[in-house]
Amino acid sequence: MKKVIITLALTFFVTFGNYAQKGKKHKKHKHETEIVILKEDGKDPICGMPISKGSNQVSVYKGKQVGFCSIVCKEMFDKNPQKYSKNK
């Protein structure tokens with residue numbers, strides 16, 4: 001009987017929590033990142049590969065979008081953007 005009551009209580013709280021969240025704006029947590037889409041064609045500053053607009057492997061440096069062919073190139077750039085930036 002105890003298990004049934006606990007299960008019902010948990011179900012109630014989870015369901016109520018979902019309804020309570022509807023209509024509220026999502027607050028961004030520190031660990032969440034915003035998805036950025038490349039607005040125009042570019043060139044990967046790490047390997048030189050052409051990048052088409054619409055790519056989601058993007059960093060923003062000095063107010064400008066920089067596109068990448070892979071997460072590896074993006075991570076290299078993010079560690080030291082001055083090294084790979086055209087505008088040093």
(message) Closer than 3.5 angstrom, by distance alone: can the side chain of Q65 be matched with the main-chain N or O of V36 as a donor-acceptor pair?
(response)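 Between the backbone of V36 and the side chain of Q65 there is no qualifying donor-acceptor contact (under 3.5 Å).
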
(request) Give a yes or no answer on whether the side chain of D44 reaches the backbone of M49 with a donor-acceptor pair at less than 3.5 Å. (result)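 No, because the side chain of D44 does not come within donor-acceptor range (under 3.5 Å) of the backbone of M49.
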
(request) State whether a side-chain donor-acceptor pair under 3.5 Å links D78 with S59. (result)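 Per modelled atom types, D78 and S59 side chains form a pair under 3.5 Å.
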
(request) State, without any angle test, whether S85 and K62 hold a side-chain donor-acceptor pair at a distance under 3.5 Å. (result)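 Judged by distance alone, the side chains do not pair up.
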
How many angstroms lie between [atom1] in [X] and [atom2] in [Y], if you round to the nearest 0.5 Å?
{"X": "I51", "Y": "L38", "atom1": "CD1", "atom2": "CG", "answer": "8.0 Å"}
{"X": "C69", "Y": "K74", "atom1": "SG", "atom2": "NZ", "answer": "12.5 Å"}
{"X": "I37", "Y": "Q57", "atom1": "CD1", "atom2": "CD", "answer": "9.5 Å"}

(request) Show the numbers, then the answer: is there a side-chain contact (heavy atoms from CB on, under 4.5 Å) between V60 and K64? (result) CA-CA 5 Å; V60 178; K64 295 188 179 186; over 6 Å; no

(request) Could you state whether I46 and Y61 fall into the same hydrophobic cluster, counting links through intermediate Ile, Leu, Val, Met, Phe, Trp or Tyr residues with side-chain heavy atoms under 4.5 angstrom apart? (result)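 Result: yes, single cluster for both.
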
(message) Starting from V58, can I reach F68 by hopping between I/L/V/M/F/W/Y residues whose side chains sit under 4.5 Å apart?
(response)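 No, because F68 and V58 fall into different hydrophobic clusters, even though each may have its own neighbours under 4.5 Å.
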
(message) Using every non-hydrogen atom in the two residues, find where G67 and P45 come nearest and quote the distance to one decimal.
(response)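 In this case the closest contact between G67 and P45 is O-CD, 3.6 Å.
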
